[in-house]
Amino acid sequence: MYLKPQTSRSRLLALGLGLAAAALPATAGADQTDQPLNVLFLSIDDLRPQTGAYGYDYMHTPYMDRLAAQGRLFERHYVQVPTCGASRYSLLSGHLPVSPDSSGHHAFRVVDRGEAPISMPQWFRENGYHTIQTGKVTHSPGGFEFRRDGYQYHRTGDGHELPGAWDEMITPSGEWETPWAAFFGYAGGDTRREGYRPAVEMADVDDTGYPDGILADAAIEKLGELAGADKPFFYAVGLYKPHLPFTAPKKYWDLYDRDEIDMTHVDLSRRGGGEFWTYAHDRSDLDDPNYAKELRHGYFASVSYVDAQVGKILNAVDELGLSNNTIVVLWGDHGFHLGEGGHWGKHTLNEYSMRAAFMIRTPCMSHPGVPSNALTASIDIYPTLVELTGLPMPDHLDGKSMLPILQDPSATTNEAVLGFWRGNTTLRTDRYRLISDRLYETEKDPSEQHDLAEKKPEVVRELKHKRSVLLDARKAKH
Ligand SMILES: [Ca+2]
């Protein structure tokens with residue numbers, strides 16, 4: 001019931017991917033000496049497009065920039081819901097939320113209670129892949145079901161999110177002892193708790209003095225085992241930073257000069273604190289430029305720290321001889337406001353929340369290093385990876401494969417992309433963003449401060465029509 005015609009080797013070649021023999025996807029009936037492509041999926045929590053390759057020359061992100069130079073960087077990639085669990089749900093299920101009203105309910109539904117469609121890792125698993133997860137891939141770090149009690153998170157039984165998805169779940173937590181404690185970890189094994197939850201921390205420790213260094217080491221060890229295995233692998237590694245709290249070893253803070261911290265588009269006249277209130281309770285003065293700079297400095301340091309962990313993992317991929325038969329995806333689960341438009345955090349339908357970092361490197365791809373300006377969505381990733389690996393295509397997916405863009409960086413696949421948050425809907429087109437009834441010309445007004453709905457009613461009408469068509473298509477399908 002899920003089968004559609006398979007992607008054939010000849011079709012991939014016709015698309016001009018120029019795949020080398022060693023990198024051709026295995027397809028049913030194909031020569032069994034063809035080596036199937038592995039997938040390494042790097043999920044980076046709360047990573048907005050804030051790297052050198054995205055045009056931020058002051059950022060120190062050499063490894064993500066190297067990946068962008070070897071693959072395809074997507075300038076305009078949009079998540080479907082601007083919060084961790086729901087965004088990951090859309091990615092992993094390949095589904096849009098059922099309706100705008102369901103997006104809040106959708107928030108943490110990465111737990112499959114028998115209602116979810118076959119997830120991307122499960123699909124790979126059922127088609128001959130060995131599937132592994134490390135860190136935060138679904139919503140819960142470690143992937144196990146949990147319950148929240150104030151600032152504490154407790155694992156509940158043996159159940160895990162996305163049952164049926166993984167052959168192995170490997171999330172060491174070092175001195176923090178549990179994945180949730182590590183996720184909110186401070187140096188020395190401390191964690192966020194009642195009475196102690198600073199938004200930033202700079203400790204003079206090495207990379208394993210914070211949890212992402214431990215996750216990177218675990219991923220490298222696992223890749224070493226996978227390199228000698230018979231089966232192809234789908235390995236999802238979810239690194240924790242730059243999610244709050246902004247904690248990073250001092251050497252990454254030292255890459256930036258506090259006085260020189262970029263404050264472009266930051267509006268201190270409003271204090272939309274969002275989740276920062278959970279952390280900055282004793283210094284809630286988000287209108288203080290010194291504190292705003294400290295927070296931004298912490299985010300930049302956290303991005304550089306996570307970049308270094310990405311670099312170690314990708315160096316291991318090279319050293320283990322996996323580069324020629326492994327697709328690498330790097331994805332931020334949503335964007336983030338650092339004071340832009342007067343907001344701090346995610347949880348808005350604005351460009352700063354909806355736009356995330358995203359890049360793909362696939363063996364022998366055409367035009368590596370040339371970025372794409374096409375509008376792409378996180379629901380497009382599942383069909384893309386299915387097509388690249390030559391697996392049968394499930395028929396429940398809402399997204400569109402990005403293969404045309406991997407073949408030709410000037411190609412486009414979507415006229416518009418939908419997003420959802422707490423009963424409201426947004427539509428991003430090439431030039432505009434519609435948020436409910438408000439219209440912004442995002443390409444000229446990136447922090448979306450000037451509502452043009454009254455000035456351009458014809459554009460509002462056109463975008464509302466497009467929105468209805470897309471929502472109706474989604475309802476008709478499911
Ligand atoms: Ca997130």
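Each ligand, and each atom within it, is numbered from 1 in the order the structure gives. Bear in mind the structure is a predicted one, so any value in this text is a computation, not a measurement.
Arg72 contributes a side-chain N or O that, together with a main-chain N or O of Ile405, makes up a donor-acceptor pair within less than 3.5 Å.
Taking 4.0 Å as the cut-off between side-chain N and carboxylate O, Glu443 and Arg76 count as a salt-bridged pair. Under the 4.0 Å criterion applied to side-chain N and carboxylate O atoms, Asp45 and Arg88 are assigned as salt-bridge partners. Between Asp207 and Lys251 there is a salt bridge, since at least one side-chain N of the basic residue sits less than 4.0 Å from a carboxylate O of the acidic one. Under 4.0 Å is where a charged nitrogen must lie from a carboxylate oxygen, and between Arg438 and Glu448 no such pair does.
Each of Val329, Leu330, Leu314, Leu226 was scored for a side-chain contact (heavy atoms from CB on, under 4.5 Å) with Leu40, with one residue passing: Leu314.
Shown are the protein N/O/S atoms under 3.0 Å from the Ca ion (ligand 1), given by residue and atom: Asp45 OD1, Asp46 OD1, Cys84 SG, Asp333 OD1, Asp333 OD2, His334 NE2.
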